[in-house]
Structures are given as C-alpha cells and as structure tokens.
Amino acid sequence: RLVGAFDTDPRKVGKRLGTLEIQPLDHLEDFIQSEEVELAILSVPAAAAPSVAQRLELVGITGILNFAPITVTPPQS
C-alpha cells in the first residue's frame, strides 16, 4: 500500500494524490522512519535520481522501484 508522496515543487506540496497529501521532500527521512517504510517508488527527473536514491538508502530503504529516466545503481560496499 502507498503511504506517502513527496515533491520539491511548492505548487504540489499540500495537494492530494488519491488519499495521500503530498509532503515536502524535506520530510522524507522522518516519514520513512516513523512509518517504517521499506520500499520506495522513485519518479523524479534524471538529475535528481542519484541523490534521492542515496537518501532513501541511507534511511534504510531496502528496495526501490525506479521510474526515473536513468539507471540508479547501489553504491559499491
């Protein structure tokens, strides 16, 4: 089930996406931790994808369904 939606565009923040209210991207990490989110859907511009994917990984996301127009690869351990 979808539990959150985020955007950097202030015109979208606060609007509804189905039953979800779009939140500012600044709230991403706190939301993921409080809701114990494990998977994320990434749908951002290509330039933003690597940094958003890294933020997701750093906060504990274990899987990303990537719809960004770029391949995002996990960091090498």
Side-chain angles (χ1 to χ4, degrees):
R1 79 184 161 93
L2 296 175
V3 296
F6 299 85
D7 207 297
T8 58
D9 185 343
R11 296 172 295 179
K12 294 179 183 176
V13 171
K15 293 193 175 184
R16 302 221 51 95
L17 181 64
T19 61
L20 303 175
E21 181 177 329
I22 299 172
Q23 300 178 54
L25 192 59
D26 293 344
H27 296 176
L28 181 70
E29 288 84 354
D30 290 338
F31 182 88
I32 288 172
Q33 291 176 339
S34 69
E35 296 296 319
E36 299 178 354
V37 178
E38 296 176 0
L39 303 172
I41 299 171
L42 187 61
S43 179
V44 298
S51 63
V52 175
Q54 182 178 22
R55 286 176 70 177
L56 293 170
E57 181 193 5
L58 289 173
V59 77
I61 292 297
T62 57
I64 297 173
L65 180 57
N66 181 21
F67 287 100
I70 186 173
T71 301
V72 178
T73 56
Q76 301 300 314
S77 298

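The shown structure was predicted, so the numbers you read here are calculated from the model rather than taken from an experiment. Along the sequence shown, residues carry numbers from 1.
Taking a 6.0 Å sphere around CZ of Arg16, one finds it holds more than 12 heavy atoms contributed by other residues, nucleotides or ligands. Atom CG of Leu2 has 12 or fewer neighbouring heavy atoms from other residues, nucleotides or ligands inside a 6.0 Å radius.
The line from CG of Leu20 to CZ of Arg1 is 9.5 Å long, rounded to the nearest 0.5 Å. Taking NZ of Lys12 as the start and CG of Leu17 as the end, the distance is 10.0 Å to the nearest 0.5 Å.
Side-chain contact between Val3 and Val37 is present, with heavy atoms from C-beta onward closer than 4.5 Å.
Within the structure, the salt bridge (Lys or Arg N to Asp or Glu O under 4.0 Å) test picks out no pair touching residues 32-54 (sequence neighbours left out). Residue pairs meeting the ring pair (Phe, Tyr, Trp, His ring centres under 6.0 Å) criterion with at least one partner in residues 18-73, sequence neighbours excluded, are Phe6-Phe31.
Side-chain N or O atoms of Asn66 include one that pairs as donor or acceptor with a backbone N or O of Ile70 at under 3.5 Å.
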Give the table of side-chain donor-acceptor pairs shorter than 3.5 Å for residues 48-56, with sequence neighbours excluded, one pair per line with atom names and distance.
from	atom 1	to	atom 2	distance (Å)
Ser51	OG	Ala48	O	3.1
Arg55	NE	Glu29	OE2	2.7
Arg55	NH2	Leu25	O	3.1
Arg55	NH2	Glu29	OE1	2.9
Arg55	NH2	Glu29	OE2	3.2

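When every heavy atom of Pro24 is checked against every heavy atom of Val13, the shortest pair comes out as CD-CG1, 3.7 Å.
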Problem set entry | Chi angles and distances behind the side-chain contact (heavy atoms from CB on, under 4.5 Å) call for Leu42, Val72 | CA-CA 10 Å; Leu42 187 61; Val72 178; 4.2 Å; yes

For this session: Evaluate the side-chain contact (heavy atoms from CB on, under 4.5 Å) criterion for residues Leu39 and Leu65: first the C-alpha distance (whole Å), next the side-chain angles of each, then the deciding distance (0.1 Å), finally the verdict.
Result: CA-CA 8 Å; Leu39 303 172; Leu65 180 57; over 6 Å; no

